[in-house]
Amino acid sequence: MNLARAGHSQPALARHQPSSVWPVTVRTSHFMQPVPLPRRSGGRARAAVDLHSPQPAVEVAPAAPPVLPFRVGHGWDLHRLEPGYPLIIGGIDIPHDRGCVAHSDGDVLLHTVTDAILGALSLPDIGQLFPDTDPQWRGARSDIFLRESVRLMGEHGYSLGNIDCTIVAQRPKLSPHKESIRAALCSLLGAHPSVVNIKAKTHEKVDSLGENRSIACHAVVMLYRRDDAKPAPA
């Protein structure tokens with residue numbers, strides 16, 4: 001429809017004003033402007049907008065970050081497995097004919113838990129804080145990364161509620177090592193065993209995980225805000 005017909009000098013919004021409208025107020029940088037939304041048949045609304053006129057920018061009022069009583073984070077990691085490398089999971093050296101290829105010691109569990117905590121806090125991930133392009137982290141123990149995430153957790157006023165981890169590997173069988181892995185992770189987190197869970201799954205011989213060419217891990221963590229928490233750092 002041509003909105004600029006001869007003899008019609010009124011703006012499009014004024015010309016198409018129905019008898020029944022739903023007024024909507026939009027806050028702009030200069031004024032409060034009601035925008036009528038004409039009703040269509042069936043009760044639905046359609047906005048009559050003049051596309052040829054510049055629209056005022058919508059002003060978004062800045063808000064203080066919310067203080068959340070709980071935070072939830074998810075972590076995931078995967079490493080290639082090759083002969084000649086140690087297989088370290090949760091700081092425990094697991095006997096196997098191959099291990100993780102990585103810039104650090106390749107501890108897939110500790111990398112995952114570190115990322116889960118950082119994610120819950122909405123902080124940069126492990127690759128940003130400890131980039132594999134930095135030579136100082138070459139061959140580094142992964143408990144260094146996890147301890148830093150725990151420090152940041154406390155700095156932001158949170159403690160660990162619980163964490164659930166799933167390690168995915170076709171081989172070796174991790175059931176005999178689960179309790180020692182959990183005990184080591186509890187020590188690093190300063191957590192009671194009742195709030196730290198370790199599961200181990202195969203990948204049913206599917207793709208690189210199922211062919212013993214890689215190992216992966218998932219973790220979900222819940223943090224709770226401490227009663228004595230101070231305001232989070234900017």
Over all heavy atoms of both residues, which pair between Ile89 and Leu174 is shortest? Give the atoms and the distance, please.
CD1-CD2, 3.9 Å
I want to check something: taking the side chain as every heavy atom from C-beta on, are Phe145 and Ser104 in contact at a cut-off of under 4.5 Å?
yes
Is it the case that the side chains of Ser142 and His111 hold a donor-acceptor pair, with the cut-off being a distance below 3.5 Å and no angle test?
yes
Joint cluster assignment, Val195 & Val150, ILVMFWY side-chain distance < 4.5 Å:
yes
Taking atom CG of Leu160 and atom CG of Asn162, what is their separation to the nearest 0.5 Å?
7.0 Å
Backbone of Arg138 reached by a side-chain donor or acceptor of His103 within 3.5 Å:
yes
From Arg171 CZ over to Ile215 CD1, what is the distance, rounded to the nearest 0.5 angstrom?
12.0 Å
Find out whether Glu211 and Gln170 are in side-chain contact, i.e. whether some heavy atom of one side chain is under 4.5 Å from a heavy atom of the other.
no
Which value, rounded to the nearest 0.5 Å, describes the distance between Arg226 atom CZ and Tyr158 atom OH?
10.5 Å
Whether the side chain of His203 engages the backbone of Val206 through a donor-acceptor N/O pair (distance < 3.5 Å, no angle test) should be reported.
yes
Walk me through it: do Ser159 and Tyr224 pass the test side-chain contact (heavy atoms from CB on, under 4.5 Å)?
CA-CA 6 Å; Ser159 292; Tyr224 68 90; 3.6 Å; yes
Do other residues, nucleotides or ligands put more than 12 heavy atoms under 6.0 Å from the CG atom of Asp228?
yes
Between Leu109 and Leu87, is there shared hydrophobic-cluster membership here, with clusters defined by ILVMFWY side-chain heavy atoms closer than 4.5 Å?
yes
Same hydrophobic cluster for Ile163 and Val72, using side-chain heavy-atom links shorter than 4.5 Å among ILVMFWY?
no
For Gly75 and Ala116, work out which heavy atoms get closest and say how close.
N-CB, 3.6 Å
Considering only residues two or more places apart or on different chains, which pairs with a residue in residues 172-181 satisfy side chain to side chain donor-acceptor pair (under 3.5 Å)?
Glu179-Arg182
So does Asp125 get a backbone contact from the side chain of Gln128, meaning a donor-acceptor N/O pair under 3.5 Å?
yes
Note: Arg225 and His156 closest approach over all heavy atoms is NH1-O, 3.0 Å
Whether Asp107 side chain and Gly90 backbone form a donor-acceptor pair below 3.5 Å
yes
Any side-chain heavy atom of Cys165 within less than 4.5 Å of one from Leu185?
yes
Could you walk me through whether Met153 and Leu121 pass the side-chain contact (heavy atoms from CB on, under 4.5 Å) test, one step at a time?
CA-CA 7 Å; Met153 176 174 65; Leu121 298 170; 4.1 Å; yes
Steps toward side-chain contact (heavy atoms from CB on, under 4.5 Å) verdict (Tyr85, Val101)
CA-CA 7 Å; Tyr85 293 87; Val101 180; 3.8 Å; yes
Ile88 and Val113: same hydrophobic cluster, using ILVMFWY side-chain contacts below 4.5 Å?
no
Is the count of non-hydrogen atoms from other residues, nucleotides or ligands lying under 6.0 Å from Arg141 atom CZ greater than 12?
no
Side chains of Leu152 and Leu129: does their closest heavy-atom pair fall under 4.5 Å?
yes
Are Thr112 and Asp77 linked by a side-chain donor-acceptor pair shorter than 3.5 Å?
no
Kindly work out whether a path of hydrophobic side-chain contacts (I/L/V/M/F/W/Y, heavy atoms less than 4.5 Å apart) joins Val196 to Phe70.
no
Between OG1 on residue Thr202 and CD on residue Glu204, distance to nearest 0.5 Å
4.0 Å
Would you compute the distance between atom CG of Leu110 and atom CZ of Arg147 and round it to the nearest 0.5 angstrom?
9.5 Å
Report the distance from atom CD of Gln136 to atom CZ of Phe130, rounding to the nearest 0.5 Å.
9.0 Å
Backbone N/O of Leu209 and side chain of Ser214: donor-acceptor pair under 3.5 Å:
yes
Just wondering, do Leu81 and Arg213 contact through their side chains at under 4.5 Å, heavy atoms?
no
Determine whether Ile117 and Leu189 make a side-chain contact, defined as any pair of heavy atoms from C-beta on separated by less than 4.5 Å.
yes
Which atoms form the tightest heavy-atom contact between Pro131 and Trp137, and what is the distance?
O-CD1, 3.5 Å
For residues 88-97, pull every pair meeting side chain to side chain donor-acceptor pair (under 3.5 Å), keeping only residues two or more places apart or in separate chains.
His96-Asn212
Check whether any side-chain heavy atom of Ser149 lies under 4.5 Å from a side-chain heavy atom of Leu123, and answer yes or no.
no
Counting C-beta onward and ignoring hydrogens, is there a side-chain heavy-atom pair between Ile167 and Lys201 closer than 4.5 Å?
no
For the pair Arg71 (side chain) and Ala120 (backbone), establish whether a donor and an acceptor sit closer than 3.5 Å, ignoring hydrogens and angles.
yes
